[in-house]
Every structure is written in structure tokens, then in C-alpha cells.
Amino acid sequence: MTYLFLELSIWLILAFLLGLLMGFSSDARGGEKS
Amino acid sequence: MNFFILQTLILLLLSFICGLVLAKFIKRRLCSRAALKAGAAQSVHLDAAIETNYLQIIEGIGPKMEAVLNENGVVTWSQLAARTVPELQDILDKYGNKYQIIDPAPWLEQARLAAAGKVEDLIKLQKIDGVSKLENLLYKDQKSGFARYSQDDLKIVEGIGPKIEVLLNNAGIQTWRALSQAQLSAIKKILRAAGPKYRLAVPESWMLQAKLADSGEWERLKQCQDKLRDTRSIRTVRQTAEAV
């Protein structure tokens, strides 16, 4: 069970990081429209 | 077990969205804070404005008023934002009639926004009364590429040279605003009437360019013209006109 939680939390963190990355890169690509 | 998988997927999706939202939020904050500094780096004027004429980006504060405030210990935006209206009124009262009639109330909100780095909000606030002083400062340099054109010089529009300008002027289109409000069909008619030499002209984007020039959006005008120069097919011009 502990192993399962560990794995789940790692996936959650990865998904979170992926979200962060996507958020930053989409802005960088599109640029800020003024 | 199925339920567990579903739950896991939802959690993954949620954390992905959390990351996305957080990134956007951080990015927006960083952008508004960096905007003034970035502007300062690219513009000598703005650099000077921020370094030496610190308070003068605020509507209502000129060189003299800034000197008065500096003498009384108000040097930065946050120092100004921390004062109250009666306090400022007291300062102004010391400097005679000319200063007594000035209302310092609008400065506080502007100073608060400037101190917080909320450039867009400050420009928006200043625009309520017409032109934004800060925006003018920020974009002074961007106009410099177009500075050689006087007000309502139609040649500012990519695609319009001296000859077409004369044609349009004769047809009653003499200002940027008039061109921005003109119908594409009318312009095409003018060009057709002028002979086969002008058949190559592509007027699809002229109204948009004129509109941007008329409203002083130099950055967007430049973007639009850069795209136009890249490729000149009508389709691209239309796409550019829609995109900008």
C-alpha cells in the first residue's frame, strides 16, 4: 500500500510539473500580447 | 479497482491543471513586474524617467511637483502611496496658492499601482482621463521608427507611396482616421480608376494599419508591417489583418 501511495504521489508531482512546464512554455511561445 | 484507476486519473488531471494555472499566474505577475524594467532597458527615455524622474510617470506630477515632493521626503512610488491626502495637502499648502489648488487624491492610487508593478492597470487608470502618460513614455521609442512620418501622413501605411497617397488625398482620404474608416471596395475603385499601374497594390491591410497609426498603437503597427513584408500574398495579408 505504501508503495502504491509513493508511486501515485510521484505521478501527481510529475503531472503537476508537466502542467507548470506547459503553462510557462505556452506563454513563451505566444508572447505577451499587449 | 476501476474506481481506483478513475480516481487516480482525476487526481493526475487535477494536479496537471493546478500546475498550468500556477504557471500562468506566476508568469503574469513576473511579466507586469518586469515590464517597467524591460521598458527601461530598451528605452533611454524611460530609463531616465524611472531613475531620475521617478514620480513623474504619475499623471498630475510634473518636474516642479516632483521637486516639491522630494523636498518633503517623498522620493519613491511607495513613499507617495503611503501618504494620505491631508498629509499631501499640508505639503502643498506650504508652497503657496499655486499649489494649494492642486488635488493630490488621484496620485495615491497611481502610486500604489506603480509601486506594485501593475503597469497595465496604471495605464488603464490613466486612460480614463484620455491619454496615458506612462504609456506615452513606454512607447515613445517604439514610435521612433515611425517618427519620420508626420500626423496623418498616409505613407506610414505599408503599401502606400507618394503616388498612391496623392490618389487617396484627391479622393478625399486625407487622414489616418479617414483611411481606417474607408471601404475596401472604395479604395479598390480609386486604384482601378488610376490605371493598370496600380493594379498590383494590395489595399486589404491599409484600413487596419491606418487604424493602428491613428490610435497610436505603434508596436502593433510594426508587427503588422513586419508580417506584411515577410510575404505579400493577399491571403497572408488577410490573415494578418484578422490576426492583429
Side-chain angles (χ1 to χ4, degrees), chain A, chain B residues 1 3-39 42 117-124 127 132 134-135 138-139 141-142 212 215-224 226-227 243-244:
Chain A
M1 201 61 186
T2 325
Y3 173 74
L4 208 66
F5 273 119
L6 191 71
E7 197 181 299
L8 181 64
S9 52
I10 288 173
W11 277 109
L12 285 178
I13 290 167
L14 278 178
F16 181 73
L17 288 177
L18 188 69
L20 271 180
L21 196 74
M22 295 278 282
F24 275 117
S25 64
S26 70
D27 267 8
R29 207 171 36 236
E32 278 278 302
K33 291 234 164 159
S34 53
Chain B
M1 197 58 192
F3 175 72
F4 182 73
I5 291 173
L6 192 71
Q7 205 181 28
T8 311
L9 283 176
I10 290 171
L11 273 174
L12 281 173
L13 193 70
L14 274 179
S15 66
F16 176 75
I17 292 170
C18 278
L20 208 69
V21 170
L22 189 69
K24 295 259 180 201
F25 179 71
I26 292 173
K27 183 91 192 178
R28 198 177 307 160
R29 281 203 74 114
L30 284 180
C31 274
S32 59
R33 286 203 173 206
L36 265 185
K37 283 183 182 170
Q42 50 172 246
K118 293 182 179 164
V119 183
E120 286 95 358
D121 291 347
L122 179 53
I123 289 176
K124 223 178 276 170
K127 271 194 167 169
S132 162
L134 175 59
E135 190 180 47
L138 275 168
Y139 297 119
D141 264 20
Q142 284 165 4
L212 294 176
S215 53
E217 296 178 62
W218 309 113
E219 195 190 4
R220 287 177 67 191
L221 179 59
K222 198 177 168 303
Q223 279 174 7
C224 178
D226 286 346
K227 279 185 196 166
V244 176

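Chain identifiers are assigned alphabetically (A, B, ...) following the order of the sequence lines, protein sequences preceding nucleic acid strands; residue numbering begins at 1 within each chain. These numbers come from a predicted model, not from an experiment.
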Enter the distance from L6(B):CG to L11(B):CG here, rounded to the nearest 0.5 Å. 10.0 Å
Least distance between heavy atoms, L20(B) atom then G23(A) atom: CD1-N, 3.5 Å
Straight-line distance of Q7(B) CD to L8(A) CG, nearest 0.5 Å: 8.5 Å
I want to check something: taking the side chain as every heavy atom from C-beta on, are M22(A) and F16(B) in contact at a cut-off of under 4.5 Å? yes
Do any of residues 10-18 of chain A have a heavy atom less than 4.5 Å from a heavy atom of chain B, and if so, which, in residue order? W11(A), L12(A), A15(A), F16(A), L18(A)
To the nearest 0.5 Å, tell me how far L221(B) CG sits from S215(B) OG. 9.0 Å
Let me confirm one number: the CG-OG distance from L4(A) to S9(A), rounded to the nearest 0.5 Å. 10.0 Å
